**Q** 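Got a structure for you, written out below as structure tokens; questions coming shortly.
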Amino acid sequence: MLTASLVIDPAFVVGPVRRRTFGSFVEHLGRCVYTGIHDPEHPSADEDGFRGDVLDLVKELGTGTVRYPGGNFVSGYRWEDGIGPREQRPSRLDLAWHSTDPNTVGVDEFMRWAKKADVEPMMAVNLGTRGVQEALDILEYCNVAGGTHLSDQRRANGAEEPYGIKMWCLGNEMDGPWQIGHKTAHEYGRLATETARAMRMIDPDLELVVCGSSSSAMPTFGAWEATVLEEAYEYVDYVSAHAYYSEKDGDLASFLASAVDMDHFIDSVSATADAVRAAKKLTKRIHISFDEWNVWYQHRAESRPPTGDDWPVAPVLLEDRYNVADAVVVGNLLISLLRHTDRVHSASLAQLVNVIAPIMTEPGGRSWRQTTFHPFALTSEHARGEVLQVAVDAPTLETEKFGEVSALDAVATRDPETGAVAIFAVNRSTTESLTLTVDVRSLGDVRVVGAQTLSNPDHTWAASADDATSVLPVENGTAAVSDGVVTVELPAVSWSVVRLGA
Ligand code: AHR
């Protein structure tokens with residue numbers, strides 16, 4: 001049995017809990033859009049063809065923003081294909097995923113869906129095969145009130161009011177050789193700068209995201225951010241970060257410590273952005289949009305795109321089935337994002353439906369929650385107010401990938417208005433449970449309002465359409481407070497939330 005302790009003090013605030021930390025991502029990829037969010041034949045489909053069961057799950061997940069339409073897809077996308085009368089929209093080859101896109105869903109449909117889902121849209125422009133003009137065109141279509149060719153086209157297409165989309169991604173993963181229109185850091189930095197400058201001529205208050213690295217393992221990681229920001233710093237607000245994790249070769253211990261890499265990623269990008277800031281003698285800070293993160297088993301059979309002459313519409317792609325350990329890692333990655341709320345102002349779990357997703361659907365049939373759904377939904381529900389620094393004293397575990405790591409990872413939030421506190425904690429040990437004590441004397445008189453833990457003796461258990469409920473977060477009856485100290489037992493390979501209140 002391991003033991004660890006935490007100290008929480010409401011005076012040590014990292015920054016606000018941001019709804020944008022709980023963002024997600026809808027890409028034209030596999031079955032995310034077609035038969036995912038959009039399935040006109042489904043019994044729950046509304047007048048626009050959107051699945052009502054999926055909309056309910058998206059709300060239950062507590063999603064803040066949704067990034068659209070890609071991803072790798074956006075680097076070959078012609079947004080105009082997806083507007084106007086459906087029967088006149090062209091089908092196009094999607095080179096990124098070797099598929100055909102019928103363009104049944106485009107920007108107007110997505111914006112209607114985002115309204116119904118009550119999420120903030122985050123739009124990406126194509127800087128792979130396209131450039132400044134096309135970025136200006138979609139911005140005009142979406143955000144200009146009227147009286148111009150494209151804004152009047154939007155109105156004619158049924159959206160009288162401008163969409164007022166604030167957040168815009170300047171391309172996607174342009175550092176990746178797999179990206180259509182891949183560029184060097186210098187080439188991309190110039191294009192992103194000129195695109196941003198021009199977009200700000202239409203609306204100076206946009207929030208613009210420049211592409212950072214596709215992973216911390218990219219050979220250009222660090223140098224890419226420095227070069228791009230040397231060009232673009234003055235014109236953008238965020239630099240993006242993308243990271244996917246998986247258990248490799250049965251090394252569960254390293255996998256459970258994946259948040260160590262996310263911490264390193266965020267700290268390194270922050271330091272790089274600050275170095276550019278110092279050299280440029282500026283006061284403005286660049287924040288991080290961690291707009292793709294998740295567990296992703298990239299080499300599974302269902303992750304292989306079609307090839308040759310086969311260009312299917314909405315093929316089964318990247319439909320990972322997540323187990324309990326995957327959910328524990330997702331919960332831990334959210335802890336890392338919250339801990340960095342001073343720097344990470346936006347994040348997107350990639351993706352939302354069917355494609356490496358917390359929500360799964362059958363075409364025309366059932367929908368269900370994967371294991372990863374639960375830590376995300378509970379964190380989104382209970383993280384309120386401010387993120388607090390926590391002082392952790394915990395034993396370490398040896399991992400092959402990261403060396404010694406803390407057995408416990410945790411973060412706390414506190415709502416200054418209600419005094420409600422939530423402690424999110426992960427026991428990374430693969431074998432031993434951990435007794436956690438939390439010194440909460442500085443909070444005054446508090447009681448345990450609730451505690452939930454996700455774990456299972458078989459951490460490889462995964463949800464399916466037939467059984468999505470055998471393993472769910474359960475009430476952790478060990479959580480108790482006495483003399484200003486909370487005690488709770490955390491099983492091996494587990495994620496928990498402990499809630500305190502007056
Ligand atoms: O989310 C799946 C893919 O991962 C995205 O299209 C791309 O941006 C990333 O490489």
Side-chain angles (χ1 to χ4, degrees), residues 20 23 26 28 33 37-38 46-50 64-70 73-92 101-172 190-210 232 234-238 289 346:
R20 283 180 174 175
V26 165
H28 284 241
V33 172
I37 65 169
H38 190 260
D46 63 14
E47 65 289 355
D48 292 315
F50 297 126
T65 54
V66 174
R67 184 167 171 251
Y68 176 86
F73 169 80
V74 80
S75 296
Y77 184 49
R78 288 177 258 209
W79 68 271
E80 317 84 299
D81 290 346
I83 59 170
R86 295 255 172 94
E87 58 289 355
Q88 289 171 22
R89 297 185 192 179
S91 288
R92 297 274 191 198
D101 196 312
N103 282 302
T104 316
V105 171
V107 64
D108 292 314
E109 287 78 20
F110 174 71
M111 290 305 296
R112 278 205 290 282
W113 178 85
K115 194 166 179 203
K116 291 177 189 192
D118 196 20
V119 298
E120 180 189 353
M122 183 178 180
M123 194 64 72
V125 300
N126 174 359
L127 292 189
T129 58
R130 304 187 118 188
V132 181
Q133 185 58 59
E134 294 88 349
L136 291 176
D137 288 348
I138 184 173
L139 178 60
E140 177 188 329
Y141 183 86
C142 290
N143 281 10
V144 171
T148 67
H149 176 67
L150 290 168
S151 58
D152 286 343
Q153 223 174 318
R154 181 201 67 241
R155 294 168 67 202
N157 289 337
E160 182 58 34
E161 296 302 320
Y163 293 136
I165 301 168
K166 275 268 166 236
M167 285 192 87
W168 293 79
C169 302
L170 302 168
N172 175 71
R190 289 289 309 124
L191 178 59
T193 302
E194 293 310 322
T195 307
R197 246 167 34 84
M199 289 175 82
R200 289 203 188 286
M201 290 176 192
I202 295 182
D203 179 355
D205 296 328
L206 296 177
E207 296 180 51
L208 301 178
V209 185
V210 77
E234 288 89 336
Y235 304 100
V236 299
D237 306 283
Y238 303 86
S289 169
S346 181

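None of the values given here were measured: they were computed from a predicted structure. Residue numbers run from 1 in the order of the sequence given.
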**Q** Looking at every non-hydrogen atom in both residues, tell me the closest pair between Val144 and Ser151 and how far apart they are.
**A**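 The answer is O-CB, 3.2 Å.
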**Q** Return the CG to CE distance between Asp237 and Met167, rounded to the nearest 0.5 Å.
**A**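 One finds 8.0 Å between CG of Asp237 and CE of Met167.
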**Q** Looking at every heavy atom in both Gly70 and Ala124, which two are closest together, and how far apart are they?
**A**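 Smallest interatomic distance, heavy atoms only, reads O-CB, 3.4 Å.
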**Q** Applying the side-chain contact (heavy atoms from CB on, under 4.5 Å) test to Tyr77, which of Asn172, Asp101, Asn103, Ile138 qualifies?
**A**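 By the side-chain contact (heavy atoms from CB on, under 4.5 Å) criterion, Tyr77 pairs with just one of Asn172, Asp101, Asn103, Ile138: Asn103.
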**Q** Taking the side chain as C-beta and beyond, is there a heavy-atom pair between Glu207 and Ser346 under 4.5 Å?
**A**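 Not touching, per the 4.5 Å side-chain cut-off.
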**Q** Quick one: does Pro121's side chain get under 4.5 Å of Tyr68's, heavy atoms only?
**A**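 No, too far: nothing below the 4.5 Å cut-off.
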**Q** Should the pair Arg89-Glu109 be classified as a salt bridge under the 4.0 Å nitrogen-to-oxygen rule?
**A**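 Here Arg89 pairs with Glu109 in a salt bridge, since their nearest N and O are under 4.0 Å apart.
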**Q** In Å, rounded to the nearest 0.5 Å, how long is the span from CZ of Arg20 to OH of Tyr238?
**A**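 The distance works out to 4.5 Å.
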**Q** From Asp152 CG over to Asn157 CG, what is the distance, rounded to the nearest 0.5 angstrom?
**A**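 Rounded to the nearest 0.5 Å, the CG-CG separation comes to 11.0 Å.
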**Q** Return the minimal non-hydrogen interatomic distance between Ala145 and Arg154, and the atom names on each side.
**A**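 That would be O-NH2, 2.9 Å.
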**Q** Would you find a donor on one side and an acceptor on the other, under 3.5 Å apart, between the side chain of Arg197 and the backbone of Tyr235?
**A**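 A pair under 3.5 Å: no.
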**Q** Got a second to check how far Leu127's CG is from Cys169's SG, nearest 0.5 Å?
**A**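 Output value for this atom pair is 10.5 Å.
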**Q** Got a sec: does the CG of Asp48 have more than 12 other heavy atoms crowding it under 6.0 Å?
**A**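 Yes - once you tally the heavy atoms of other residues, nucleotides and ligands closer than 6.0 Å, there are more than 12.
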**Q** Within this structure, what is the OG1-CH2 distance for the pair Thr195 and Trp168, rounded to the nearest 0.5 Å?
**A**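 Going from OG1 on Thr195 over to CH2 on Trp168, the span is 12.5 Å.
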**Q** Excluding sequence neighbours, so at least two apart, what forms side chain to side chain donor-acceptor pair (under 3.5 Å) with Glu47?
**A**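 Here the qualifying residues are Lys116.
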**Q** Given side-chain hydrogen bond (donor to acceptor under 3.5 Å, both in side chains), test Tyr141 with Gln153 step by step and report yes or no.
**A** CA-CA 7 Å; Tyr141 183 86; Gln153 223 174 318; over 6 Å; no
**Q** On the 0 to 90° scale, with breaks at 30° and 60°, tag the Phe73-His28 ring pair as parallel, tilted or perpendicular.
**A**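 Geometry flag for His28 against Phe73: parallel rings.
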**Q** Hey, what do you get for CE (Met199) to CG (Asn143), rounding to the nearest 0.5 Å?
**A**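 If we round to the nearest 0.5 Å, Met199:CE and Asn143:CG are 8.5 Å apart.
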**Q** Using every non-hydrogen atom in the two residues, find where Thr129 and Gly76 come nearest and quote the distance to one decimal.
**A**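 Result for this residue pair: OG1-CA, 3.8 Å.
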**Q** Search all heavy atoms of His38 against all heavy atoms of Val105 and return the closest pair with its distance.
**A**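 Of all heavy-atom pairs spanning His38 and Val105, the closest is CG-CG2, 3.5 Å.
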**Q** For Arg86 and Thr104, which heavy atoms make the closest approach, and how far apart are they?
**A**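 So the minimum-distance heavy-atom pair works out to NE-O, 3.0 Å.
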**Q** Between Lys166 and Glu120, is the closest basic N to carboxylate O distance under 4.0 Å?
**A**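 No, this pair does not count.
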**Q** Could you name each residue pair satisfying salt bridge (charged side-chain N to carboxylate O under 4.0 Å, His left out) that touches residues 134-149, not counting sequence neighbours?
**A**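 Listed once each, the pairs are Arg130-Glu134.
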**Q** State, yes or no, whether a side-chain contact exists between Val119 and Trp113 at a heavy-atom distance under 4.5 Å.
**A**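 Yes. Closest side-chain heavy atoms under 4.5 Å.
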